[in-house]
**Q** 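Pasting a structure below so you can have a look.
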Amino acid sequence: MLQPSRQQILRLYKHLIRYGNHLKLTDKNYFLGRVRHEFRDNRSLTNPVDVEFSFKRGETLLKKGRIL
């Protein structure tokens, strides 16, 4: 299992923010606040398994277009 790099995590954050700005049927402010909150809370993660899980969760959200 390979831990995502800082650059990959920042790219995911940027893509999630862009995705949130294009939402039509969901409260944009709630979605964007939730994304920022999750990234802020997970900033202190050190366990590679936890980092990988959170990264995969964000990628899944982008691919499927819904929150897990």
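The figures that follow rest on heavy atoms only: side chains count, while hydrogens, waters and symmetry mates do not. Quick caveat: nothing in here was measured; it's all calculated off a predicted structure.
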**Q** Report the distance from atom CZ of Phe55 to atom CG of Leu2, rounding to the nearest 0.5 Å.
**A**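 Result: 10.5 Å between the selected atoms.
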
**Q** Mind checking salt bridge (Lys or Arg N to Asp or Glu O under 4.0 Å) for Glu59 and listing every partner two or more places apart, or none if nothing turns up?
**A**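 Residues passing salt bridge (Lys or Arg N to Asp or Glu O under 4.0 Å) with Glu59: none at all.
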
**Q** Could you check if a side-chain atom of Leu32 sits within less than 4.5 angstrom of a side-chain atom of Asn21, using non-hydrogen atoms only?
**A**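 Yes; the side chains approach each other to less than 4.5 Å.
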
**Q** Can you find a heavy atom in the side chain of Phe39 that is under 4.5 Å from one in the side chain of Leu16?
**A**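 Of all side-chain heavy-atom pairs linking Leu16 with Phe39, at least one is under 4.5 Å.
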
**Q** Between Leu10 and Ile17, is there a shared hydrophobic cluster once you connect ILVMFWY residues whose side-chain heavy atoms come closer than 4.5 Å?
**A**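 As far as the 4.5 Å side-chain criterion goes, Ile17 and Leu10 are not connected within one cluster.
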
**Q** Out of Val49, Leu45, Ile9, which residue meets the side chain to side chain contact (heavy atoms under 4.5 Å, CB included) rule with Ser54?
**A**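 For Ser54, the side chain to side chain contact (heavy atoms under 4.5 Å, CB included) test succeeds with only one of Val49, Leu45, Ile9, which is Leu45.
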
**Q** Determine, using the 4.5 Å side-chain heavy-atom cutoff (strictly less than), whether Leu62 and Phe53 are members of one ILVMFWY cluster.
**A**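 Result: no, two separate clusters.
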
**Q** Taking the side chain from Lys28 and the backbone from Gly20, do they hold a donor-acceptor pair closer than 3.5 Å?
**A**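 Not a single qualifying donor-acceptor pair exists.
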
**Q** Can you spot which of Arg36, Arg40, Arg34 makes a side-chain hydrogen bond (donor to acceptor under 3.5 Å, both in side chains) with Glu38?
**A**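 So the option named by the test is Arg34.
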
**Q** To the nearest 0.5 Å, tell me how far His15 NE2 sits from Arg11 CZ.
**A**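 Between atom NE2 of His15 and atom CZ of Arg11 there are 6.5 Å.
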
